[in-house]
Each structure stands twice: as structure tokens, then as C-alpha cells.
Amino acid sequence: QVPLVESGGGLVQPGGSLRLSCAASRTIFRIYTMGWYRQAPGKQRELVARITTGGVTNYADSVKGRFTISRDNAKNTVNLQMNDLIPEDTGVYYCNKALGPLASWGQGTQVTVSS
């Protein structure tokens, strides 16, 4: 199966910004609602943002107003613009379908927010 590939993570100070990118198959990006998930140390993986094929977005309360999810179906990519980062945003970020059966998880990209 074509893997999901996440990139763009890194180490950033509180208040900083990062832009994450995800690439997958054309089928996944054209048909399915896509989402960004994160897994903090010692915690369960959680959905933080999702976007439908029609561009309707939803966000977890913890990131609302700070994160923006977008997609470009022609490029088979989904992005997550992360602003005003706080230490609680630290974790491994993954992309996947957010409706219906999940695809195989990629390696994720590490985001560390620390001073």
C-alpha cells in the first residue's frame, strides 16, 4: 500500500509556527475526509483537525483558532498551519483518513514546543 508521508515538524519555541505537510495516494485525497492526528508522550492518539472533500473543516477545541488545515487534491497533499504553538502541542503528528476505515499509519513527524 502507498504510505502516508508526513513532513515539516521540528523544534520550536512557544509562540512559534510550523507548517506540516502530508502526501498520500490520489484516491485517498479525492474521496476521503482527511485529518491530522497527534500523539503526545503517554497519551492516546487524538484527532486535532479534519477537512472534507468539500473543504469543510473541524478542529479540536485545544487547537481552534491556532491551527488551520487545508488540502490540495490536485497535488494529493493536506497541510496543517500551526501558529501560536504551546508546549501542550508537543507530540508526533500523523495524517490519515478521518472518516471510515483508517489507512496504514505513516511514520509521523515530531513537533516539539519548548523553551
Side-chain angles (χ1 to χ4, degrees):
Q1 298 295 311
V2 178
L4 294 157
V5 180
E6 301 93 348
S7 62
L11 174 64
V12 64
Q13 291 185 272
S17 297
L18 287 171
R19 185 174 178 85
L20 309 183
S21 295
C22 172
S25 71
R26 181 179 63 183
T27 298
I28 289 177
F29 278 88
R30 285 188 175 181
I31 294 176
Y32 297 109
T33 295
M34 296 297 298
W36 280 97
Y37 301 75
R38 71 184 178 192
Q39 187 167 20
K43 295 186 177 180
Q44 188 176 356
R45 183 153 33 203
E46 63 175 339
L47 179 67
V48 298
R50 67 181 182 182
I51 183 168
T52 71
T53 56
V56 178
T57 60
N58 291 101
Y59 300 92
D61 289 341
S62 59
V63 308
K64 193 174 299 180
R66 300 186 297 114
F67 290 10
T68 303
I69 188 171
S70 61
R71 69 191 296 160
D72 186 338
N73 290 339
K75 297 181 179 179
N76 301 332
T77 61
V78 59
N79 302 315
L80 187 68
Q81 179 66 46
M82 310 164 66
N83 298 326
D84 301 316
L85 286 161
I86 59 176
E88 290 77 12
D89 295 322
T90 294
V92 180
Y93 283 69
Y94 304 85
C95 63
N96 212 314
K97 294 185 291 182
L99 184 64
L102 292 168
S104 297
W105 295 104
Q107 295 299 307
T109 185
Q110 176 71 46
V111 172
T112 302
V113 185
S114 177
S115 59

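Ile69 is not connected to Val5 by any chain of hydrophobic side-chain contacts under 4.5 Å among Ile, Leu, Val, Met, Phe, Trp and Tyr, and they are in different clusters. Both Trp36 and Val12 are members of a single hydrophobic cluster when ILVMFWY side chains are connected at heavy-atom separations under 4.5 Å.
Partners of Gln81 according to the side chain to side chain contact (heavy atoms under 4.5 Å, CB included) rule, which considers only residues two or more places apart in sequence or in another chain, are Ser17, Arg19, Thr68, Asn83. Contacts of Ile31 classified as side chain to side chain contact (heavy atoms under 4.5 Å, CB included), with partners at least two apart in sequence or in another chain: Thr27. Not counting sequence neighbours, the partners of Asp89 by the side chain to side chain contact (heavy atoms under 4.5 Å, CB included) test are Arg38, Val63, Arg66, Phe67, Leu85, Ile86, Tyr93, Val113.
Sparse packing is recorded around OH of Tyr32, with 12 or fewer heavy atoms of other residues, nucleotides or ligands lying under 6.0 Å away.
Shortest non-hydrogen contact noted between Gln44 and Gln39 is C-CG, 4.2 Å. When all heavy atoms of Gly35 and Ala98 are compared, the pair lying nearest together is N-CB, 3.9 Å. Heavy-atom minimum distance, Ala40 versus Thr90: CB-O, 3.6 Å.
Using a 4.5 Å cut-off on side-chain heavy atoms (C-beta onward), Met34 and Arg50 make no contact. A heavy-atom distance below 4.5 Å is not found between the side chains of Glu6 and Leu20.
The other members of the hydrophobic cluster of Val92, by chain and number, are Tyr37, Leu47, Tyr94, Leu102, Trp105 (side-chain heavy atoms under 4.5 Å, ILVMFWY only). Hydrophobic cluster membership of Leu11, counting Ile, Leu, Val, Met, Phe, Trp and Tyr whose side-chain heavy atoms lie under 4.5 Å apart directly or via other members: none, as it forms a cluster of its own.
Rounding to the nearest 0.5 angstrom, the gap separating the OG1 atom in Thr109 from the CD atom in Gln107 is 11.0 Å. Taking CZ from Arg71 and OG1 from Thr57, the interatomic distance works out to 11.5 Å, rounded to the nearest 0.5 Å.
Judged as a disulfide bond (SG atoms under 2.5 Å apart), the pairs with a partner in residues 18-115 (not counting sequence neighbours) are, in order, Cys22-Cys95.
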